[in-house]
Amino acid sequence: MQRKITVLDTTLRDGEQVPGAKLNIQEKLRIARQLKTLQVDIIEAGFPISSQGDFEAVRHIAREIVDGPAITALARAVKADIDAVYESIKEAQQPLIHIVLGVSNSHIENKLRKSKEEIMELGIEAVKYAKKLLPDVQYSTEDATRADFEYLWKTIEAAIKAGATIINVPDTVGYAVPEEFGELIRKINYRMKNINDSVLLSVHCHNDTGLATANTLAAVKNGADKIECTLNGIGERAGNAALEEVVVGIKLRSGYYGAYTNIVTKEIKNTSTLVSNLMGLEVQVNKAVTGDNAFAHSSGIHQDGLLKDRSTYEILRPEDVGVESMELILTARSGRHAFKSAVSQFLREPLPETDFEQLFASFLKLADRKKEVYNHDVYHLVEAHFAARKESPCVSSQNLYELVNLQVISNDLFPSASIKLKYGNQFHMGSAVGDGPIDALYQAINNIVALDAELLEYKISSISKGNEALGRVHLKINHQGMIHSGKAVDTDIIKASAEAYLNALNQVLLENWKKENKAALP
Ligand code: KIV
Ligand code: ZN
């Protein structure tokens with residue numbers, strides 16, 4: 001039988017400890033609502049004693065987030081902290097007090113400066129006090145992985161006897177290694193279940209040596225009932241175990257772990273993007289599961305294998321985590337098979353071999369010049385190839401938008417943009433005023449391409465030693481929910497921004513067209 005793993009998300013507490021990532025109450029509420037949609041079991045909403053703002057944010061979350069996750073907040077083992085947590089979460093449907101106190105010699109001697117016995121007593125008194133306020137209390141043995149095992153165990157035993165309902169074993173400084181941590185959890189679990197098998201055993205791993213996900217998964221394999229994570233792995237120093245990695249790891253290898261979570265994985269990308277945008281913390285492009293390149297295949301060998309059967313190089317489907325399948329970025333190395341597949345998106349019938357060879361030659365020339373060839377480039381190659389003929393029997397009826405010209409005015413009063421796009425044989429012009437030049441530009445495009453697109457993320461970065469700019473966008477079509485990505489390179493940052501947005505919109509048009517014409521496609 002598979003065990004349900006309880007997921008506590010601490011993006012709003014440990015995650016918010018990242019320098020510069022402070023959020024206001026409204027922003028925290030937005031993230032909390034999304035965490036509810038993601039179906040985390042517990043939201044750690046903050047550290048209420050730290051400031052009035054944090055206290056208020058936790059209180060708002062506790063009041064608003066109902067019919068879903070339990071709400072917790074952090075306290076040190078002192079009455080004032082516990083009172084602040086209680087006052088901030090008492091209106092939650094399922095409130096949980098979280099107490100933390102060090103157990104390693106280093107914490108006890110250098111930070112707490114009391115004897116081990118005195119510290120244990122403080123912890124027990126804190127749990128007893130919290131228990132008078134609420135039935136659910138989590139006790140965290142801070143820096144557990146560097147602690148003397150027998151002292152750690154005595155502390156856990158005493159906390160359970162005092163009424164703790166969850167025991168959390170943090171690898172506070174990222175010191176653990178998977179085999180050793182797994183063994184530690186196996187030992188604690190065995191002893192704990194002999195005392196009281198309704199008390200949950202939890203882990204909280206930091207990523208100082210890049211092992212937070214591995215350590216968390218090793219703990220799950222060895223009996224942990226609950227895991228603590230953050231979106232995109234943000235958190236103190238090198239961060240915490242990334243929710244998306246641990247959850248997907250468990251889902252993909254549920255037989256191995258004998259476990260599952262209740263996380264709605266289709267909401268992972270949405271949640272990651274929201275957290276990244278609101279906290280201003282970019283997700284590294286090759287980040288597992290949520291990075292921009294997590295599902296991008298560029299080598300010809302991989303593209304070929306993927307096109308024959310997705311499972312060759314894709315153990316995880318992008319749509320499972322809420323990402324619309326990525327367009328294959330073609331380069332001069334992509335090879336015939338990948339190019340043929342890109343071309344076939346626009347065809348109603350198979351392309352004659354001579355046409356294909358001519359198109360492939362044009363593609364190679366373009367790829368040498370542009371480095372990366374996008375769907376709309378392939379579309380224009382196909383269109384140009386058949387333009388001389390009266391009829392282009394192969395080409396799909398789905399036109400794509402092409403940038404003809406643009407003008408963007410940046411100022412404090414009325415940032416505005418005018419744009420001219422080509423769609424089939426027609427030209428369309430649009431203009432808009434926005435909050436800034438890029439907002440105006442995207443509004444102007446939206447006025448022409450009526451797809452109800454919502455921009456989720458926009459990035460512009462310099463590449464090729466600063467000669468060129470890479471624009472990247474993520475957008476959502478409001479009634480559809482999936483996230484679409486687009487990118488483009490140009491020496492002009494405004495053009496790169498416009499092209500990236502158009503690429504994403506063209507991708508939506510193509511996906512929609514493919515869905516509608518599935519039966520008619522070759
Ligand atoms: O890293 C840590 O030890 C913590 C505790 C509060 C669980 O964040
Ligand atoms: Zn932590």
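Remember, it's 1-based here, ligands and their atoms both numbered in the order they're listed.
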Query raised in the report: Taking 2.8 Å as the cut-off, does an N/O/S atom of Asp14 lie below it from the Zn ion (ligand 2)?
Result: yes
Query raised in the report: With distance as the sole test, does Thr6 use its side chain to make a donor-acceptor pair with the main-chain N or O of Lys226 at under 3.5 Å?
Result: no
Requested in this report: To 10°, measure the NE2(His204)-the Zn ion (ligand 2)-NE2(His206) angle for me.
Outcome: 100°
**Report entry** Residues Gln507 and His484: side-chain donor-acceptor under 3.5 angstrom
**Finding:** no
Requested in this report: Kindly say whether Asn240 contributes a backbone atom to a donor-acceptor pair with the side chain of Asn207 at under 3.5 angstrom?
Outcome: no
Requested in this report: Please confirm whether the backbone N or O of Leu281 pairs with a side-chain atom of Ser276, one donor and one acceptor, at under 3.5 Å?
Outcome: yes
Query raised in the report: Can you list the ligand 1 atoms lying under 4.0 Å from a non-hydrogen atom of Glu142?
Result: 3 (O)
Requested in this report: Among all protein heavy atoms, pick the one closest to atom 3 (O) of ligand 1 and tell me residue, atom and distance.
Outcome: Thr172 OG1, 2.7 Å
**Report entry** Any donor-acceptor N or O pair under 3.5 Å, side chains Tyr129, Asp83
**Finding:** yes
Report summary line: So for His206 against ligand 1, with non-hydrogen atoms under 4.0 Å, the contacting part is side chain
Query raised in the report: Does Lys221 make a cation-pi contact with Tyr256 (under 6.0 Å, within 45 degrees of the axis)?
Result: yes
Query raised in the report: ligand 1 and Asp14, any nitrogen or oxygen pair closer than 3.5 angstrom?
Result: yes
Query raised in the report: Tell me, which protein residue and heavy-atom name are nearest atom 4 (C) of ligand 1, and how many Å apart are they?
Result: His204 NE2, 3.4 Å
Report task. Please verify whether a non-hydrogen atom of Arg13 lies at under 4.0 Å from ligand 1. Result -> yes
Query raised in the report: Can you tell me if Glu372 and Tyr374 form a side-chain donor-acceptor pair at under 3.5 Å?
Result: yes
**Report entry** Asn168 neighbourhood, listing ligand 1 atoms whose heavy-atom distance to it stays under 4.0 Å
**Finding:** 7 (C)
